[in-house]
2 protein chains.
Amino acid sequence: MTKDHVTLKDIARIAGVSTATASLALSGDSRVNVKTRRAVEEVAKRLKYVPNEIGRSLRAKKAETIALIFPNTTHFAFSHPYFVQLLEGITEVLVENSFHLLLSTAPSEADEAAAYDKILRNRRADGIILWPASIRDRNIQRIVESGYPVVYLGKWHHDEVVTVEREEFGGAYKATEHLIKQGRRKLVMISGPLDYQVSIERVEGFKRALQDHQILFEPWMVVEKDFSMEAGVEAANELLESGHRFDGIFAANDRMAIGAMKGLQQAGITIPGDVAVVGCDNIEMAAMTSPTLTTIDQPMREIGAIAARKLIALLNREDIGEKQTVVPSQLIIRESCGAEA
Amino acid sequence: MTKDHVTLKDIARIAGVSTATASLALSGDSRVNVKTRRAVEEVAKRLKYVPNEIGRSLRAKKAETIALIFPNTTHFAFSHPYFVQLLEGITEVLVENSFHLLLSTAPSEADEAAAYDKILRNRRADGIILWPASIRDRNIQRIVESGYPVVYLGKWHHDEVVTVEREEFGGAYKATEHLIKQGRRKLVMISGPLDYQVSIERVEGFKRALQDHQILFEPWMVVEKDFSMEAGVEAANELLESGHRFDGIFAANDRMAIGAMKGLQQAGITIPGDVAVVGCDNIEMAAMTSPTLTTIDQPMREIGAIAARKLIALLNREDIGEKQTVVPSQLIIRESCGAEA
DNA sequence: TGGGTTTATTAAATCGATTTAAAAGATAGG
DNA sequence: CCTATCTTTTAAATCGATTTAATAAACCCA
């Protein structure tokens with residue numbers, strides 16, 4: 001390392017001005033003489049000067065960075081196929097605004113409280129996009145209500161909090177209603193873990209659709225599983241073994257739906273002949289299964305983009321528009337529900 | 001905001017010492033009197049002091065942060081299901097070492113050069129984990145050979161560069177050989193884009209396996225596609241339309257393999273009866289298809305962890321062990337190849 | 001030409017921590 | 001009691017940029 005790094009000081013020295021002038025010149029301040037500015041710019045360009053953002057951040061008291069936090073209790077969210085879409089939506093907007101993205105996870109549930117506290121205070125990020133966790137996770141509450149700029153990717157129980165959420169209830173309702181319209185009335189649902197708000201809402205949507213069509217809901221109709229494909233297989237087996245008759249399944253995500261189809265088919269049950277299946281998420285695979293999977297499309301990319309935009313607006317103290325945004329979901333009709341597409 | 005943020009100065013003032021002593025005390029320096037240290041610690045704890053890492057970074061000239069860079073030409077890599085596993089492996093190690101992870105993407109190919117230059121110089125990250133891009137991407141070369149601490153996730157053409165790579169050639173070889181051992185000799189390969197080193201190596205592995213078993217290779221045996229499921233379907237159709245006979249397919253990833261199976265089945269071809277299929281990656285879905293997919297397991301989580309560990313060692317000027325690491329892949333036998341598992 | 005503006009430039013403070021070198025205080029030995 | 005040594009503490013510099021307030025220079029008009 002002959003020399004380390006070219007700093008503003010170097011530029012100033014070589015251009016024969018003070019660092020103040022150099023700084024002002026590079027920021028295009030009108031106070032500095034055009035000729036001087038040109039000279040400074042020329043030197044900066046020649047030396048390939050790139051400002052040290054750490055120094056800049058310290059002075060500006062902002063990091064131009066936002067953190068995407070995954071609470072420990074959602075660690076498995078990482079395996080969600082659409083996590084990547086969310087990320088794409090977020091980065092797209094951040095790049096446009098010259099922001100950086102810090103990905104944050106806690107080492108373990110025990111360290112979690114401390115870890116979040118640090119994120120909130122060490123000033124490495126200016127704001128947070130928060131992925132929902134178990135409703136039992138106390139840390140979430142701490143972050144959301146800390147006054148720190150936060151966008152929460154789900155429903156929150158009071159409306160001061162900025163949220164961007166999928167249409168969970170409505171999506172589940174649409175899916176269930178679609179099954180009913182196909183003439184299925186003996187419906188069951190494969191739910192995700194019920195300590196997640198998301199799961200609760202989807203179950204509510206399912207129930208409401210039944211109710212609106214005069215179908216009596218009974219507790220056995222909901223099987224609680226963990227979102228994985230393997231769990232979908234198990235759910236199918238358990239339902240079959242239970243002896244209850246059913247002719248339609250709404251699964252809270254495509255992975256479980258695909259697992260369930262696998263389980264049913266292995267038991268010799270035809271889809272959609274014997275049982276119709278509707279999933280949720282519209283992952284790439286949903287178009288590849290046999291039969292292809294009818295599902296609810298959740299525009300995760302858009303959600304990421306909206307969340308990022310709101311957070312940046314929040315940081316810039318600009319108008320963020322509506323505080324709560326619900327991004328509509330859409331029913332994608334394929335083969336597994338027995339409808340004409 | 002009654003008051004903004006508690007700083008070291010506050011701690012020092014309240015504990016009745018200088019900031020120097022406070023800093024020394026909190027870092028456990030032996031020079032400060034035990035009693036003083038206790039007092040300072042007590043105040044820090046009471047006020048929930050968390051050091052501003054921006055200030056610390058500026059002074060220390062390091063950010064305790066590494067960047068994971070996705071070149072623009074690999075943007076679609078984001079959709080790789082195992083991207084998430086890579087991320088998990090990386091974050092696991094980073095968290096252990098109190099490092100942060102910055103996710104970096106360039107807005108467009110045009111801005112790419114400038115964007116990387118900035119990452120290299122703005123000191124926001126101390127080192128880089130670099131995902132491979134098209135071999136035509138000139139920016140990659142710039143980063144790798146910049147002297148900046150870099151771990152490259154692929155093969156590089158000279159051995160000064162620290163790399164962690166999957167056993168691409170070997171994996172493809174194993175997959176192909178397995179097909180041959182099942183009695184298939186009319187083999188084809190569905191490859192990823194051939195301007196990727198990864199693709200080239202997998203094709204080489206395929207060719208070598210043919211050669212070692214006295215099967216003549218011909219150019220039509222390799223179909224170049226873009227890694228998506230949809231592309232797999234197309235590949236199958238093109239192969240069928242070409243009129244060439246084949247009884248075995250090696251696909252360079254599971255997504256294309258799954259698409260190809262779909263395409264074949266739609267054309268009434270049975271798997272593995274008429275055509276055996278082997279994929280690559282072992283994504284969750286591979287265990288759910290009908291038939292289940294034989295594939296090559298690529299331990300992405302481990303690769304991420306190793307890469308992160310090496311990079312941190314590099315930053316700490318510790319011994320990093322071997323500069324080039326090849327993580328072995330493993331053949332996972334399921335139904336699609338017609339073998340007894 | 002001199003007083004009043006305008007225009008350009010810069011010295012110095014600042015952000016929040018760390019670290020060095022120097023000062024102050026305590027202790028011991030003669 | 002005085003010097004030498006050891007232990008603690010602190011003032012001040014530093015990291016790299018930005019910004020304010022002050023100064024310097026140029027310009028204008030009577």
Side-chain angles (χ1 to χ4, degrees), chain A residues 1 3-41 43-44 47-65 98 118 120-126, chain B residues 1 3-41 43-44 47-65 98 118 120-126:
Chain A
M1 45 160 193
K3 60 174 175 176
D4 203 24
H5 191 241
V6 32
T7 71
L8 186 62
K9 221 167 167 175
D10 298 324
I11 303 299
R13 184 169 37 75
I14 292 167
V17 297
S18 69
T19 61
T21 304
S23 174
L24 258 16
L26 291 174
S27 72
D29 192 292
S30 68
R31 278 174 296 174
V32 12
N33 186 291
V34 180
K35 214 157 47 177
T36 316
R37 199 188 69 214
R38 293 261 166 74
V40 172
E41 284 171 346
V43 174
L47 272 63
K48 297 190 165 64
Y49 168 67
V50 174
N52 177 319
E53 293 197 15
I54 299 286
R56 180 182 271 178
S57 288
L58 179 60
R59 170 68 217 225
K61 297 182 132 197
K62 49 186 172 176
E64 305 274 274
T65 300
S98 305
K118 268 180 81 171
L120 291 175
R121 305 172 107 106
N122 71 11
R123 300 276 144 185
R124 219 175 245 285
D126 305 318
Chain B
M1 47 163 190
K3 60 175 177 177
D4 203 24
H5 192 241
V6 32
T7 71
L8 186 62
K9 220 166 167 176
D10 299 324
I11 303 300
R13 183 169 38 74
I14 292 168
V17 296
S18 70
T19 60
T21 304
S23 174
L24 258 16
L26 291 174
S27 73
D29 191 293
S30 68
R31 277 176 297 175
V32 9
N33 187 291
V34 180
K35 214 156 50 180
T36 316
R37 198 188 71 214
R38 293 260 166 73
V40 172
E41 284 171 344
V43 174
L47 271 64
K48 296 191 167 62
Y49 168 68
V50 174
N52 178 319
E53 294 197 14
I54 299 285
R56 181 181 270 178
S57 287
L58 180 59
R59 172 68 217 226
K61 298 181 132 198
K62 49 186 174 176
E64 307 273 275
T65 300
S98 305
K118 268 179 80 172
L120 291 174
R121 305 172 108 105
N122 70 11
R123 300 276 144 185
R124 220 175 244 285
D126 305 317

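Side chains included, hydrogens not; waters and symmetry mates left out as well; all remaining heavy atoms used. Order of the sequence lines sets the chain letters (A, B, ...), proteins ahead of strands, with each chain counted from 1.
Residues forming a side chain to side chain donor-acceptor pair (under 3.5 Å) with A:Arg56 (at least two apart in sequence, or on another chain): none. By the side chain to side chain donor-acceptor pair (under 3.5 Å) test, B:Glu64 pairs with no residue at all, sequence neighbours left out. Judged as a side chain to side chain donor-acceptor pair (under 3.5 Å), and not counting sequence neighbours, the contacts of A:Ser18 are A:Thr21. With sequence neighbours excluded, no residue forms a side chain to side chain donor-acceptor pair (under 3.5 Å) with A:Asp126.
Across the protein-nucleic acid pair, A:Asp10 atom CG and D:dC15 atom C1' stand 13 Å apart, rounded to whole Å. With rounding to whole Å, A:Arg121 atom CZ is found 16 Å from C:dG16 atom C1'. Atom CG of B:Asp29 is separated from atom P of D:dT7 by 13 Å (rounded to the nearest Å). Between the P atom of D:dT10 and the CZ atom of B:Arg37 lies a distance of 16 Å, rounded to the nearest Å. Distance B:Ile11 CD1 to D:dT9 P: 17 Å, rounded to the nearest Å. The separation between B:Arg38 atom CZ and D:dT8 atom C1' is 16 Å, rounded to whole Å. Remark: C1' of C:dA8 and NZ of A:Lys35 are 12 Å apart, rounded to the nearest angstrom. With rounding to whole Å, B:Lys62 atom NZ is found 18 Å from D:dG16 atom C1'.
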Under 3.5 Å, which donor-acceptor pairs link side chains of residues 47-54 of chain A to any protein atom two or more places apart or in another chain?
residue, atom, partner, partner atom, Å
A:Asn52, OD1, A:Ile54, N, 2.7
A:Asn52, OD1, A:Gly55, N, 3.0
A:Glu53, OE1, A:His100, NE2, 3.2
A:Glu53, OE1, B:Arg124, NE, 2.5
A:Glu53, OE1, B:Arg124, NH2, 2.6
A:Glu53, OE2, B:Asn122, ND2, 3.0

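Annotation for A:Lys9 and A:Thr19: closest pair CA-CG2, 4.0 Å, computed over non-hydrogen atoms.
Looking only at side-chain heavy atoms (C-beta outward), B:Leu8 and B:Leu26 come within less than 4.5 Å of each other.
If one axis is set at each end of the helix from C:dT1-D:dA30 to C:dG30-D:dC1 from five pairs, those axes are 70° apart, to 10°.
For A:Lys61, taking side-chain heavy atoms from C-beta onward, the closest of the listed nucleotides C:dC15, D:dT10, C:dA8 is C:dC15.
Nearest-nucleotide positions on DNA chain D for B:Gly16 and B:Leu58 put B:Gly16 closer to the 5' end.
Residue pairs meeting the salt bridge (Lys or Arg N to Asp or Glu O under 4.0 Å) criterion with at least one member in residues 14-32 of chain A, sequence neighbours excluded: A:Asp29-A:Arg31. Screening residues 10-28 of chain B for salt bridge (Lys or Arg N to Asp or Glu O under 4.0 Å) gives B:Asp10-B:Arg13 as the qualifying pairs, with residues at least two apart or on separate chains.
If you check every strand for non-hydrogen atoms under 4.0 Å, A:Ser57 touches nothing.
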How does each nucleotide of nucleotides 17-27 of chain D score, in 5' to 3' order, for protein heavy atoms under 4.0 Å: base (B), sugar-phosphate only (S), or none (-)? BBBBB------
